[in-house]
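Nothing fancy with the numbering, it's 1 onward along the sequence.
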Amino acid sequence: MSKQTYRICCFQRKFKLKEAEAPDEIKDLFERFSENGIMTAEHLCKFLKDVQSEENVTKEEAETVMESALKLVHEHLNIVFHRKGLNLDGFFRYLFSDLNVSISTDKKVHHDMTAPLSHYFIYTSHNTYLTGNQLNSDCSDVPIIKALQQGVRVIELDMWPNSSKDNVDILHGGTLTPPVELIQCLKSIKEHAFVASEYPVIITLEDHLTPDLQAKAAEMVTQVFGDILFTCGAECLSEFPSPESLKGRIIISTKPPKEYLESKKSSEKDNGSQKGKKSSEEKAWGAEISDLSQKMIAYSENKDNGECQDDEADSHHENPNIQQNIAPEYKHLIAIQAGKSKGPTSEWLTVDPIKVKRISLNEEKLINVALNHGKDLIRFTQRNLLRVYPKGMRVDSSNYNPLIGWMHGAQMVAFNMQGHGRPLWLMQGMFKANGGCGYVKKPELLLKTNANNEVHDPKRLLSVKTTLKVKVYMGKGWHLDFKRTHFDAYSPPDFYVKIGIAGVPADSRVKKTKAIEDNWIPTWNDEFEFPLTVPELALLRVEVHEYDMSEIDDFGGQTCIPVSELRTGIRAVPIYNEKGEKYPSVKLLMRFEFVK
């Protein structure tokens, strides 16, 4: 036990900093699964089966866990080391350790990876080459490398002629973003493509090149990627290959090439706006996740039809004679052809039984289409790819609620990876699933048709499938990872936890614990229940805040976990900062249980 001193004017306030102590429920469990104050491997095996729901654990596996736990305990000299087993402090330390986290850390892919690409959500980035905002930040291969290292599988490059019109640059057209050369981006993609995942990387190209530069780009792509480049010749795919069959491959996706019009300036048709001032909390860590049902209702009041214009707001007018000018070697590279979303929605959403394609919509057009053609979207995405991207007004590289796309089957929900905030935390949380490989199998209700060939109606309220019960015991580690006065200059922090579900509208809600005053190691012992109609799409949101009476509450960490990946029982929950980087020491101790 130590003391902390805080100064207020001429006075000093002293607070005791206690060691973390096991909650009463943990003490009771230790008594139940130990003998004479010692938990042996045999006791641990029974605990893992009865409390942690690890029914298939063997005695040998329990002995391995016990050996690791004993080594962990032995590293802390103030803990009594028992060769035969764990005492209460050792058991408590094991529960809070990386040996007992809430989601498996073995990076094992466990979804069926043999279905077509259209059956998966794919970790997708938007304007991947930008280092910051969308207007004047540098273009670089560094954010591309970082995205690939995080498991992102779809990289976006915007290709433009360089200033001398003899080479290809990557930049955000119509802005002040300094360019980076295409060749540098391609080489970095090849070097880092399969560091985090062996599953395919898709490069979506936005093409503003003349035919001679298309040929030059094709030559660079071919030379850099060689045999790992997946092509399908001049033929359109009748069905997308599977991620399993495309391991270690690079795939090019773009619209049919357009002629670069030198005098044409990019025009922004996106009439979405971010009106009003941001709240203090929003400035700190991003807007609260929007309620999907309310958001769609509000949008429908401002839109009077379900028709869409072209998919990319900053694309150029097409030349009707362009097919005669396409560089053939460039056209040969396009494995996933991107179609157009012009005209009546019912036309471009029609499923072609002979060939597949990719369509792109911005976030607001997606809502418009979802309101009027939700079932058609789901049917379309059973065979074809749908890419959703941020509206043009997000010049600060902010993001939107990804659940709108996912609940309608969109595979490529493209996000700006340059910033941080709640929507990006959801994206990072979703792709912790399936070993973090960047591909997550879509739930069956988005893939199947019934006997009448009908697909799931996303507007239909489903019955509760399961209820997630969550108990938040306590947290620790902030005093190790933060300065003494980080949260409050005059006293220890007053932590509370916001916990909720992000999923389909019926499942989404947020609750919070009480605030514990002046304590670096708070104990809450608060319980919550979350009924779930579509648990396959549900993400458990956890945020720690420090209560501030006079100003905005301070940020104390966050995590987001796919509900389908939760390990039941009493688990340690690692906490991350705003950028999604794990704190060295901060964890929560929580309990998870599913009930019918």
Side-chain angles (χ1 to χ4, degrees), residues 1-2 17-54 56-108 432 436 471-482 520-523 542 544 557 559 561 565-576 581-592:
M1 182 186 297
S2 60
L17 181 61
K18 298 180 180 180
E19 284 289 325
E21 182 180 348
D24 290 341
E25 187 174 323
I26 304 302
K27 294 177 181 178
D28 292 342
L29 282 170
F30 181 77
E31 286 294 319
R32 177 181 162 195
F33 294 96
S34 66
E35 188 174 347
N36 298 323
I38 298 296
M39 175 182 280
T40 64
E42 187 174 346
H43 293 131
L44 178 60
C45 185
K46 185 170 177 55
F47 168 78
L48 294 175
K49 289 182 177 181
D50 294 357
V51 179
Q52 308 293 73
S53 299
E54 299 179 27
N56 298 322
V57 68
T58 64
K59 185 178 179 181
E60 290 72 24
E61 290 170 336
E63 289 173 349
T64 300
V65 173
M66 176 63 75
E67 289 177 10
S68 299
L70 288 172
K71 288 179 182 177
L72 179 73
V73 172
H74 190 46
E75 293 172 359
H76 299 80
L77 300 179
N78 59 326
I79 300 297
V80 179
F81 180 58
H82 297 274
R83 291 193 176 277
K84 292 183 179 181
L86 298 169
N87 63 7
L88 173 60
D89 288 334
F91 174 62
F92 178 51
R93 194 173 294 276
Y94 155 71
L95 288 179
F96 244 127
S97 75
D98 290 338
L99 299 172
N100 183 50
V101 288
S102 52
I103 183 172
S104 177
T105 57
D106 62 7
K107 295 291 183 181
K108 185 177 180 181
K432 289 176 185 175
K471 184 166 186 176
V472 186
Y473 291 109
M474 61 180 297
K476 68 172 187 174
W478 288 278
H479 68 289
L480 299 174
D481 295 345
F482 292 87
W520 283 99
I521 307 174
T523 298
V542 179
V544 182
T559 191
I561 307 170
E565 299 270 334
L566 275 176
R567 301 172 72 196
T568 54
I570 300 168
R571 302 293 178 180
V573 180
I575 299 299
Y576 298 75
E581 301 162 338
K582 188 166 72 170
Y583 288 123
S585 311
V586 180
K587 290 188 179 77
L588 299 180
L589 190 65
M590 303 175 69
R591 185 168 187 165
F592 307 106

Working to the nearest 0.5 angstrom, can you tell me the gap between [X] [atom1] and [Y] [atom2]?
X: Phe96; Y: Lys587; atom1: CZ; atom2: NZ; value: 8.5 Å
X: Phe92; Y: Asn87; atom1: CZ; atom2: CG; value: 12.5 Å
X: Asp89; Y: Glu21; atom1: CG; atom2: CD; value: 9.0 Å
X: Lys59; Y: Thr64; atom1: NZ; atom2: OG1; value: 12.5 Å
X: Tyr473; Y: Leu95; atom1: OH; atom2: CG; value: 9.0 Å

Measuring only between side-chain heavy atoms, which start at C-beta, is [X] closer than 4.5 Å to [Y]?
X: Leu88; Y: Lys27; result: yes
X: Pro23; Y: Met474; result: yes
X: Glu35; Y: His43; result: yes
X: Trp478; Y: Tyr583; result: no
X: Phe592; Y: Ile570; result: no
X: Tyr94; Y: Leu44; result: yes
X: Ile38; Y: Leu86; result: no
X: Phe91; Y: Ile26; result: yes

Do you know which of Asn100, Val57, Asn56 makes side chain to side chain contact (heavy atoms under 4.5 Å, CB included) with Leu48?
->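 Between Leu48 and the candidates, side chain to side chain contact (heavy atoms under 4.5 Å, CB included) is satisfied uniquely by Val57.
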
Can Ile103 and Leu566 be said to form a side-chain contact (heavy atoms from CB on, under 4.5 Å), step by step?
-> CA-CA 5 Å; Ile103 183 172; Leu566 275 176; over 6 Å; no

[atom1]/[X]: more than 12 non-hydrogen atoms of other groups inside 6.0 Å:
X: Lys107; atom1: NZ; value: no
X: Glu42; atom1: CD; value: no
X: Lys471; atom1: NZ; value: yes
X: Asp106; atom1: CG; value: yes
X: Glu25; atom1: CD; value: yes

May I ask you to say whether Lys476 pairs ionically with Glu19, meaning some side-chain N is under 4.0 Å from a carboxylate O?
->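 Not counted as a salt bridge, because no side-chain N and carboxylate O are separated by less than 4.0 Å.
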
Using atom types as modelled and distance alone, determine if a side-chain donor or acceptor of [X] lies under 3.5 Å from a backbone N or O of [Y].
X: Gln52; Y: Phe47; result: no
X: Arg567; Y: Val101; result: yes
X: Ser53; Y: Lys49; result: no

Closest heavy-atom pair and its distance - Ser97, Leu72 =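 Closest approach of Ser97 to Leu72, heavy atoms only: CB-CD2, 3.3 Å.
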
Taking every non-hydrogen atom, the tightest pair across Pro574 and Ser102 |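 That would be CD-OG, 4.4 Å.
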
Pairs satisfying salt bridge (charged side-chain N to carboxylate O under 4.0 Å, His left out), at least one member in residues 60-69, at least two apart =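 Checked against salt bridge (charged side-chain N to carboxylate O under 4.0 Å, His left out) - neighbours excluded - no pair reaches residues 60-69.
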
Would you please name every residue forming a side-chain hydrogen bond (donor to acceptor under 3.5 Å, both in side chains) with Ser585, sequence neighbours left out?
->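 Asp481.
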
Between Lys432 and Tyr576, is NZ or CZ placed under 6.0 angstrom from the six-membered ring centre and within 45° of the ring axis?
->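 Verdict for Tyr576: a cation-pi partner in Lys432.
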
Please lay out, stage by stage, how Leu589 and Val573 fare under the test side-chain contact (heavy atoms from CB on, under 4.5 Å).
-> CA-CA 6 Å; Leu589 190 65; Val573 180; over 6 Å; no

